[in-house]
Every structure is written in C-alpha cells, then in structure tokens.
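Sequential numbering from 1 along the given sequence is applied to the chain's residues. Note that the structure is predicted; figures quoted are calculated from it, not measured.
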Amino acid sequence: FRWVALLSMPFRFGYYVSLILLPHLPFLIFPALIFLVGAATLYWPGFHFFVAHASKHETRATSVSLMNIAGGSASAIGPAIGGLILVAFG
C-alpha cells in the first residue's frame with residue numbers, strides 16, 4: 001500500500017484533463033467519472049493505511065481528529081482568503 005496513492009495520480013490527471021476538455025468534447029463526462037473513481041479507489045486505501053501505520057495505536061484517534069480539523073479549517077479559511085483577494089484585486 002506504500003505506493004498505491006502515488007499510482008492514483010495518473011487517474012487524477014486524466015480526470016482534470018477530461019474536465020478541461022469537457023466544454024469542447026461533451027462525451028468526456030464518462031471517462032472523467034471513470035478517472036475520478038479510479039483515483040479515489042487507489043488513493044484512499046493507501047492514505048488510510050499510511051495514517052494507521054504512521055500513528056501509534058494509543059494516539060490514533062487524536063491523529064485522525066487533528067487531520068480532520070486541519071482539512072476542515074482549510075476548507076473554511078480558503079474560500080474566505082480567496083474572497084478577500086477578489087475584493088482587493090478585482
């Protein structure tokens with residue numbers, strides 16, 4: 001599982017390329033979905049295995065909680081910073 005997350009990157013790349021080309025080639029919606037499912041299928045098991053392997057059993061709940069707090073904070077703060085940039089620079 002060590003390199004499985006890395007193997008998901010070509011699928012993620014294919015997904016984003018399909019989305020970029022979607023306005024010109026509407027049939028790419030189906031390959032985009034396949035790329036997205038392939039990327040998620042390969043990425044998340046490797047990610048969770050890494051978290052389980054990298055954390056101690058006694059502190060695993062705290063590690064997962066801190067990881068979720070970091071992701072949630074970024075999800076909340078990122079759009080606010082983006083809005084401030086848009087307001088400041090148009």
Side-chain angles (χ1 to χ4, degrees):
F1 283 104
R2 177 180 268 175
W3 299 104
V4 175
L6 185 62
L7 292 174
S8 73
M9 291 303 121
F11 287 96
R12 184 72 59 175
F13 180 75
Y15 171 69
Y16 287 123
V17 168
S18 297
L19 289 183
I20 290 169
L21 296 175
L22 196 59
H24 305 291
L25 304 168
F27 67 88
L28 287 178
I29 188 73
F30 300 111
L33 292 172
I34 292 169
F35 284 135
L36 181 62
V37 168
T41 301
L42 291 173
Y43 179 78
W44 288 112
F47 175 79
H48 289 296
F49 178 78
F50 174 75
V51 169
H53 182 70
S55 63
K56 295 179 183 176
H57 180 70
E58 298 81 24
T59 61
R60 188 164 298 143
T62 304
S63 300
V64 172
S65 297
L66 291 174
M67 182 179 59
N68 287 333
I69 289 170
S73 299
S75 296
I77 294 171
I81 292 172
L84 291 174
I85 292 171
L86 284 174
V87 168
F89 298 107

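Clustering ILVMFWY residues whenever any of their side-chain heavy atoms sit less than 4.5 angstrom apart, transitively, puts I69 in a cluster other than the one holding V64. In this structure, F35 is a member of the same hydrophobic cluster as L25, with clusters built from ILVMFWY side-chain heavy atoms closer than 4.5 Å. No chain of hydrophobic side-chain contacts below 4.5 Å, direct or via other Ile, Leu, Val, Met, Phe, Trp or Tyr residues, connects F50 to L42. Both F30 and L36 belong to a single network of hydrophobic side chains, linked directly or stepwise wherever heavy atoms of I, L, V, M, F, W or Y lie under 4.5 Å apart.
Shown here for S75 and P79, the closest heavy-atom pair between the two residues is O-CD, 3.0 Å.
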Sequence neighbours left out, cut at 3.5 Å: what donor-acceptor pairs do the side chains of residues 5-24 make with other protein atoms?
unit_1 : atom_1 : unit_2 : atom_2 : d
S8     : OG     : A5     : O      : 2.6
S18    : OG     : G14    : O      : 2.8

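Going from atom NE2 of H57 over to atom OG of S63 covers 12.0 Å, rounded to the nearest 0.5 Å.
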Begin from the C-alpha positions of V37 and L33 and carry the test side chain to side chain contact (heavy atoms under 4.5 Å, CB included) through to its verdict.
CA-CA 6 Å; V37 168; L33 292 172; 5.5 Å; no
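A parallel orientation is assigned to the rings of H53 and F49, their planes being inclined by less than 30° (bins at 30° and 60°).
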